[in-house]
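This structure is a prediction, so every number in the text was calculated from the model and none was measured. Both ligands and their constituent atoms are indexed starting at 1 by order of listing.
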Amino acid sequence: MAVIIEQPNAPRSRKGAQWEKRAWIFMRVSGIILVGMIIGHLMVNLVLPERGVKSIDFAFVAGKWASPFWQVYDGILLWLALIHGTNGMRTLVNDYTEREWLRKALNVTLWVVAAALIVLGTLVITTFDPCIDPNVHEYLPELVCKG
Ligand code: HEM
């Protein structure tokens, strides 16, 4: 007995297929990078600090983002995880949504939310100012604050 596989909902044009191939490769490549970066993230934030999760306070974040290395690291992690997660959700939406208008509406919503989170997160990382804490020199003695 022949098994009939239903047409997938994802767009099927030649250009669409190229795009889907690139998205497929991106999910594998970003997945591999994410494993390493998430292990590093959890080690530095949760495993290595002596007080575990209790260590994550304003001073801990200020100390971390005083280094351009951690600003770039956290920025890359933010962008990769959000684009990977949103593209993964797009796959699920394309697989399970039957009505075309709903598929488009959900996908547009997904990417608008992802773009907003990427912009807000990047702004937080790049504009974070430890000097708003009057006691900042207790844990960052070298820091020079204006005014
Ligand atoms: C820890 C490292 C990670 C690896 C190795 C990984 C790997 C992958 C791969 C290979 C796929 C494609 C699966 C397919 O096409 O059938 C995928 C899908 C997906 N990923 Fe990740 N991923 C990781 C982290 C994340 C993170 C942090 C998020 C959320 C922000 C996420 C959310 C998703 C979603 C929603 C899907 C779609 C699920 C599906 O197609 O069934 N992943 N992941």
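The closest side-chain heavy-atom distance from Lys64 to Val44 is below 4.5 Å. Proximity of Lys54 to Pro49: side-chain heavy atoms (C-beta onward) are nowhere separated by under 4.5 Å.
Those atoms of ligand 1 that come under 4.0 Å of a heavy atom in Ala81, given as number and element, are 30 (C). Below 4.0 Å from some heavy atom of Leu92 lie the following atoms of ligand 1, by number and element: 39 (C), 41 (O).
Using cut-offs of 30° and 60° on the angle between ring planes, the pair His84 and Phe26 is tilted. Between Phe128 and Phe58, the two ring planes are tilted [angle within 30° to 60°].
Both the sub-6.0 Å distance and the 45° axial angle are not jointly satisfied by Arg103 relative to the ring of Trp101.
With a heavy-atom cut-off of 4.0 Å, Ile38 touches ligand 1 through its side chain alone.
Protein heavy atom nearest atom 18 (C) of ligand 1, with residue, atom name and distance: Met27 CE, 3.4 Å. When hydrogens are left out, the protein atom nearest atom 16 (O) of ligand 1 is Arg28 NH2, 4.0 Å; that is the closest non-hydrogen contact. Scanning the protein heavy atoms around atom 36 (C) of ligand 1, the nearest turns out to be Gly88 CA, 3.4 Å. The closest protein non-hydrogen atom to atom 5 (C) of ligand 1 is Gly31 O, 3.3 Å.
For CH2 of Trp111, the number of neighbouring non-hydrogen atoms (other residues, nucleotides, ligands) closer than 6.0 Å is greater than 12. Annotation for Arg28: atom CZ counts as buried by contact number, over 12 foreign heavy atoms lying within 6.0 Å.
Counting just the N/O/S atoms of His84, the one with the shortest distance to atom 21 (Fe) of ligand 1 is named NE2.
The residue from Gly36, Gly85, Ser30 that puts a heavy atom closest to atom 32 (C) of ligand 1 is Gly85.
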